[in-house]
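Notes to accompany the following structure.
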Amino acid sequence: MSRPARLSVGVVSAGRVGAVLGAALARAGHTVAAAAAVSRASLRRAEDLLPDVPILPPDQVVACADLVLLALPDDVLPGTVRGLVAAGAIRPGQLVVHTSGANGVAVLGPAAEAGAMTLALHPVMTFTGRGEDLQRIAACSFGVTAADGDEIGWSVAEALVVEIGAEPVRVPEAARPLYHAALAHGANHLMTLVSDCADLLRAAGITADGAAEKVIGPLLSAALDNALRHGDRALTGPAARGDSGTLTTHVTVLAENAPELLPAYRALGARAAGRAEAAGLLPADRVPDVLAALSEPPTPGDPR
């Protein structure tokens, strides 16, 4: 894979993702020519990760860049692209890249019409906006998308990702929404699930500072590792084993102590049972009892 020419990079804006990727591109030998930053947090990140880089309005950042890095919220991205094109900031021959997971290159259509090469480079990682993210990039993948049939664009996207030490994964334009839904379902809901688990442990009396997290840390780390290594063969727990009595107890105690979590517990329990049956772990004749235990109204005062 050929190495891209050294490029001047314009970062719009210096949020958690933009500041880190700008710093990663600089580490790979490119020059960050300017960045846009408005909030106090963005200005501080720019100072820490992009030292001595001029802070300019977005149209001026774009005008001085060979590679325009648009690290913007999904809802802001389309209007920003249109505004930059209308301002004449985007010119033929530029690389215009965004970091949105939900979008492919269609959202950059106005920039493509202005003669730019458009790419989507989505880092599959959560960012803190601090220096440690530069090390984490080396272990992550990027979902890359270029225009259909644009093999030069695909190659440039992959080369940029490899340069900063990450792994490019091609995601076709039409698949971007499903790709992003998968990542959000896994990462965002995992974080919610972990926080709910810790809250329940504290409600159960494990209240010393950090104790709940200490209890579940090894368990959840092992569960994630097993899931990634072995898939559904690693499923365990009452839904996967067919322990309908235990599930009835769980439904009852959750209804009494954390009713807001009961719909999620029921839904995930049913998903676990379905996957366990498909993997041959849960006999088909025990599935109805599992689903019934999850769906039946809780029995007041009966946490066995």
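Just the heavy atoms: all of them, side chains too, but no hydrogens, waters or symmetry mates, feed the values below. By convention here, the first residue in the shown sequence is residue 1.
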Is any side-chain heavy atom of [X] closer than 4.5 Å to a side-chain heavy atom of [Y]?
X	Y	value
V38	S13	no
L25	I164	yes
V169	V124	no
H98	T118	no
V107	V81	no
L281	E277	no
L183	H122	yes
T99	L121	no

On a heavy-atom basis, which atom in [X] and which in [Y] lie closest, and how many Å separate them?
X	Y	answer
L294	G269	CD1-C, 3.5 Å
A34	L56	CB-CD1, 3.7 Å
L201	V215	CD1-CG1, 4.2 Å
G143	V171	CA-CG2, 3.9 Å
G22	L69	N-CD2, 4.1 Å
A293	V251	O-CG2, 3.7 Å

Quick check, are the ring centers of Y265 and H250 under 6.0 angstrom apart? yes

Drop me the distance from [X]'s [atom1] to [Y]'s [atom2], to the nearest 0.5 angstrom.
X	Y	atom1	atom2	value
L49	R130	CG	CZ	10.5 Å
L220	C197	CG	SG	5.5 Å
H189	D196	NE2	CG	11.0 Å
N103	L70	CG	CG	11.5 Å
H180	D74	NE2	CG	6.0 Å
N257	L200	CG	CG	8.5 Å

Is it true that [Y] and [X] share a donor-acceptor pair across their side chains at a distance under 3.5 Å?
X	Y	answer
T246	D243	no
S42	S39	yes
T128	R16	no

Looking at [Y] and [X], is there a salt bridge between them, counting it only when a charged N and a carboxylate O are closer than 4.0 Å?
X	Y	result
D289	R286	no
D225	R229	yes
R6	E163	yes
D48	R45	no
R170	E151	yes

In this structure, would [X] and [Y] fall into the same cluster of hydrophobic residues linked by side-chain contacts under 4.5 Å?
X	Y	result
L67	L108	no
L190	I216	yes
L21	V96	no
L77	V97	no
V61	L72	yes

Donor-acceptor contact present, side-chain [X] to main-chain [Y], <3.5 Å:
X	Y	result
D133	V20	no
T207	A203	no
N226	A222	yes
E173	T145	no
R202	A211	no
R275	R233	no
Q94	A65	yes

side-chain contact (heavy atoms from CB on, under 4.5 Å) evaluation trace for M125 with I137: CA-CA 8 Å; M125 187 178 78; I137 281 178; 4.0 Å; yes

Given side-chain contact (heavy atoms from CB on, under 4.5 Å), test L95 with D66 step by step and report yes or no. CA-CA 6 Å; L95 288 173; D66 301 317; over 6 Å; no

Got more than 12 heavy atoms from elsewhere within 6.0 Å of [atom1], [X]?
X	atom1	answer
L228	CG	yes
R91	CZ	yes
E213	CD	yes
R241	CZ	yes

Could you check F142 against E158 for side-chain contact (heavy atoms from CB on, under 4.5 Å), going step by step and ending with a plain yes or no? CA-CA 9 Å; F142 275 61; E158 291 171 333; over 6 Å; no

Take L282 and V287 through the side-chain contact (heavy atoms from CB on, under 4.5 Å) test and state the conclusion after the steps. CA-CA 7 Å; L282 178 64; V287 173; 3.7 Å; yes

Of all residues at least two apart in sequence or in a different chain, which pass the ring pair (Phe, Tyr, Trp, His ring centres under 6.0 Å) check with F127? none

